[in-house]
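Chain A is the first sequence line, chain B the second, and so forth, proteins listed ahead of strands; every chain is numbered from 1.
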Amino acid sequence: MRTTKLLLPTLKEDPADADVVSHKLLLRAGMLRQVARGIYDFLPLGLRAVHKVARIVREELDLAGCQEVLLPLVSPAELWQESERWDKYGKELLRIKDRHDREFCLGPTHEEVMTDLVRRDVRSYRDLPLNLYQIATKFRDEIRPRFGLMRGREFIMKDGYSFHVDYEDCRREYENMRAVYTRIFRRCGLTFRVVEADTGAIGGSMSHEFQVLAESGEDLILSCSKCEYAANVEKALGKSTGAEPRYGHSTLEKVETPDLRTIDEVSAFMSEPPERFVKTLIYFADGKALAVLCRGDDQISEIKLRALIKCSELRLADGEEIEQLTGAPQGFAGPVAIELRLVADQTLRGCEGMVSGANKKDAHYRGVDHEAHFPDAQFGDVRVAKAGDACLRCSPNAAEPGLLEAHRGIEVGQVFYLGQKYSQPLGATFLDADGNERIMEMGTYGIGITRTVAAAIEQNHDERGIVWPVAIAPYEVVIVATKWDDDAVREASEAIYEELRAAGIDCVLDDRDERAGVKFNDADLVGYPFRITVGPRGLKDGKVECKARTATDADEIAIAEAAGHVASLVRQARG
RNA sequence: CGGGGUGUAGCUCAGCCUGGUAGAGCACUGCGUUCGGGACGCAGGAGCCGGAGGUUCAAAUCCUCUCACCCCGACCA
């Protein structure tokens, strides 16, 4: 492609509406334009990046025995009513009516539609297993779309669903998909982690997320420095390595702490470190109040708490409720003589000499002990794991267990074991070899295609622009002709361009009548992985320059060898 | 939905406080000079000042309502 023919409206200045790097660069590099909040146009180069990711996904999935189908964006309310998600999904599900006043929605995900397809056409165990996927537009009416392509309302997603005769086979495919996804993101040239994840509202009992590591990531993930363990912080297990909370038994002593409510304030006032505090939070679990304890420097994980006490609805009490239940305003709650069910993080088991609120306004206690003051508390892991914790995966057998390290990540893919969550209500059944009707086991596997493009940029950019991994770059090579009105330059550029095209390299010839600086800046902004510079300066010696986007200096190559040289570099880097 | 902010040319923004007939830089068109890291000169095209209502002789500017977009929070496969 020639830049004079290309719709590539690059911008010199950052658009005011964009805040995150990928959004800014996609706009500046002329790849993306916003149409409405969370809804975008893809310009030619942006779309090429999307297609490159999609192609890798297709190749790997087809190789793994998956089959591509295409489901409708619009689906009828009835299907969603069968799975009961019409009522449960909430406002994210954009509902519409047709001219006959029939209800439909724009698909945010396609479990129902795919299960419906399979239940109608698959009757026998002989037809299973089956793994069907599509790469298509999804619509989720997000409360707050943000960060450009990272969280749009309309986006392109690969969603796959597998159907099996039993749990073992479903589990096998789950592991298979986990391996396939690892290959996909590796081929995309991304640095990522596969992490254990909470299954959330979608249900099921097993899930892994694929997290592209980037400073700007919305998710916090923890991974072991020694073993393979990695998990979303929502789910991560770790053992606190701080000092054991045993400061020796002493008698309970009340301390006046006027207007000091936060751990930090009281900690500073009493000259005691936060880890010596018993933090006490009042929750309502399915309508019943309880007090939850953890160390002052820890935080309560509501996901873990919910799982431990097996409740469905969990919320923090408000100021008024706290005063009613503890007899003191917010900030002075403690476990001593409190008349509530107590749940405590296991870190506090056997603690002595702690500090806590006194359930009285402007007062705290010193000398709080597990045995003496909350012997009946239910213990469990309810704290949020953090960097520096010992890894529980290796700690039982290793003398020196690994420590958890924190990374920020962007979730670009996820795999779920679904079981019969959808096949049961929708009646996706088959006849087994003995002629018995059985319910299919299901798994679901998603990749945010457009989000992967954004994540690639978040991870790979510098102050000059995008630094595309070769495998997903819109074009692999740009030929910069520094002086287009020079016959020799033009001829040499055209020759290299034709040779690269013939070699199957995606290349752009910058044939604009622009100054060299403009072309160099655009090339860096757009992020072509390789640049060949053809100018009078080099041609005098029969040479052109070749430079990788990541390199600081260019190599001088003889004109005749340039195309072949760069073509082999590209092939090597495609992955 | 709560809090904060912004809407003026394709982009970035000034003008608004103190009302008086619309500006700059970049981008775009033409001509000339320039030409290896976002050149320069001259000439040009381009705006319902987000929209509606109000106050006023007069509104981009003041008032009311509304819409859109951005950020923080709650929410989220």
Item to check | Between C1' of C75(B) and CG of L314(A), the distance in whole Å | outcome: 15 Å
Checklist entry - Nearest to the side chain of F147(A), which nucleotide is it out of C72(B), C35(B), G36(B)? => result C72(B)
Item to check | Whole-Å P distance, C17(B) and G4(B) | outcome: 23 Å
Checklist entry - Reckon E92(A) touches a base, only the sugar-phosphate, or nothing at all at heavy-atom distances under 4.0 Å? => result sugar-phosphate
Checklist entry - Name the one of R151(A), R37(A), R153(A) that satisfies salt bridge (charged side-chain N to carboxylate O under 4.0 Å, His left out) with E142(A)? => result R151(A)
Checklist entry - OP1 or OP2 of A39(B) sitting under 4.0 Å from any side-chain N/O of R515(A)? => result yes
Checklist entry - Relative to Y475(A), does R48(A) satisfy both conditions: NZ or CZ under 6.0 angstrom from the six-membered ring centre, and within 45 degrees of the ring's axis? => result yes
Next on the checklist: Salt bridge or not between R119(A) and E82(A)? Use side-chain N to carboxylate O under 4.0 Å.
Outcome noted: yes
Checklist entry - With respect to the side chain of R451(A), which nucleotide from A39(B), G36(B), A77(B) is positioned closest? => result A77(B)
Next on the checklist: Ignoring hydrogens and geometry beyond distance, is the side chain of E545(A) in donor-acceptor contact with the base of G36(B) at under 3.5 Å?
Outcome noted: yes
Next on the checklist: Please pick, from U12(B), G37(B), C70(B), the nucleotide with the shortest atom-to-atom distance to any side-chain atom of R37(A).
Outcome noted: C70(B)
Checklist entry - Counting side-chain heavy atoms from CB outward, which of C70(B), G38(B), C1(B) is closest to R28(A)? => result G38(B)
Checklist entry - With a non-hydrogen cut-off below 4.0 angstrom, is R464(A) in contact with a base, only sugar-phosphate, or nothing? => result base
Next on the checklist: Does the structure place the NZ or CZ of R95(A) under 6.0 Å from the centre of the six-membered ring of W80(A), at an angle of no more than 45° from the ring's axis?
Outcome noted: no
Checklist entry - What does Q34(A) touch in the nucleic acid at a heavy-atom separation under 4.0 angstrom: a base, only the sugar-phosphate, or nothing? => result sugar-phosphate
Next on the checklist: Regarding D159(A) and K138(A), does a basic nitrogen lie under 4.0 Å from an acidic carboxylate oxygen?
Outcome noted: yes
Next on the checklist: So if I take every side-chain heavy atom of R144(A) and compare against G25(B), A77(B), C72(B), which nucleotide ends up nearest?
Outcome noted: C72(B)
Checklist entry - Looking at K12(A), does any N or O in its side chain come under 4.0 Å of the phosphate oxygens OP1/OP2 on U12(B)? => result no
Next on the checklist: At 4.0 Å (heavy atoms only), tell me whether R531(A) reaches a base, stays on the sugar-phosphate, or touches nothing.
Outcome noted: base
Checklist entry - Looking for any heavy atom pair under 4.0 Å, which part of the strands does G448(A) touch: base, sugar-phosphate only, or nothing? => result nothing
Checklist entry - How about Q134(A): does its CD atom have over 12 heavy atoms from other parts shown lying under 6.0 Å from it? => result yes
Checklist entry - Just checking G446(A): base, sugar-phosphate only, or nothing, at a heavy-atom cut-off of under 4.0 Å? => result nothing
Item to check | P atoms of A60(B) and A22(B), separation to the nearest Å | outcome: 8 Å
Next on the checklist: Nearest to the side chain of N521(A), heavy atoms from C-beta on, is which of G37(B), C69(B), G73(B)?
Outcome noted: G37(B)
Checklist entry - What integer number of Å spans the C1' atoms of G47(B) and G2(B)? => result 36 Å
Checklist entry - Given the C1' atoms of A46(B) and G25(B), what is the spacing between them in whole Å? => result 15 Å
Checklist entry - Do R146(A) side-chain and C70(B) base share a donor-acceptor contact under 3.5 Å? => result no
Checklist entry - Quantified in whole Å, what is the P atom distance between nucleotide A9(B) and nucleotide A24(B)? => result 13 Å
Checklist entry - When rounded to the nearest Å, what value does the distance between C1' atoms of G15(B) and C62(B) take? => result 16 Å
Checklist entry - If we ignore angles and hydrogens, is there a donor and acceptor under 3.5 Å between the side chains of N232(A) and E196(A)? => result no
Checklist entry - Among C35(B), G38(B), G37(B), which is the nearest nucleotide to the side chain of L525(A)? => result G38(B)
Checklist outcome for this item: Of the listed U12(B), C69(B), C11(B), the closest approach to the A16(A) side chain comes from U12(B)
Next on the checklist: For a quick check of understanding: with a heavy-atom distance under 4.0 Å over all strands, which category does D14(A) fall into, base, sugar-phosphate or nothing?
Outcome noted: sugar-phosphate
Item to check | Closest listed nucleotide, where the reference is the side chain of I143(A) and the choices are C71(B), G38(B), A74(B) | outcome: A74(B)
Item to check | Base-pairing mate for A74(B) - Watson-Crick or G-U, with both contacts under 3.5 Å | outcome: none
Checklist entry - Looking only at atom C1', what distance separates G73(B) and C13(B), rounded to whole Å? => result 30 Å
Checklist outcome for this item: Per atom distances to the P15(A) side chain, the nearest of C75(B), C35(B), U12(B) is U12(B)
Checklist entry - C71(B) and U55(B): how far apart are their P atoms, nearest whole angstrom? => result 38 Å
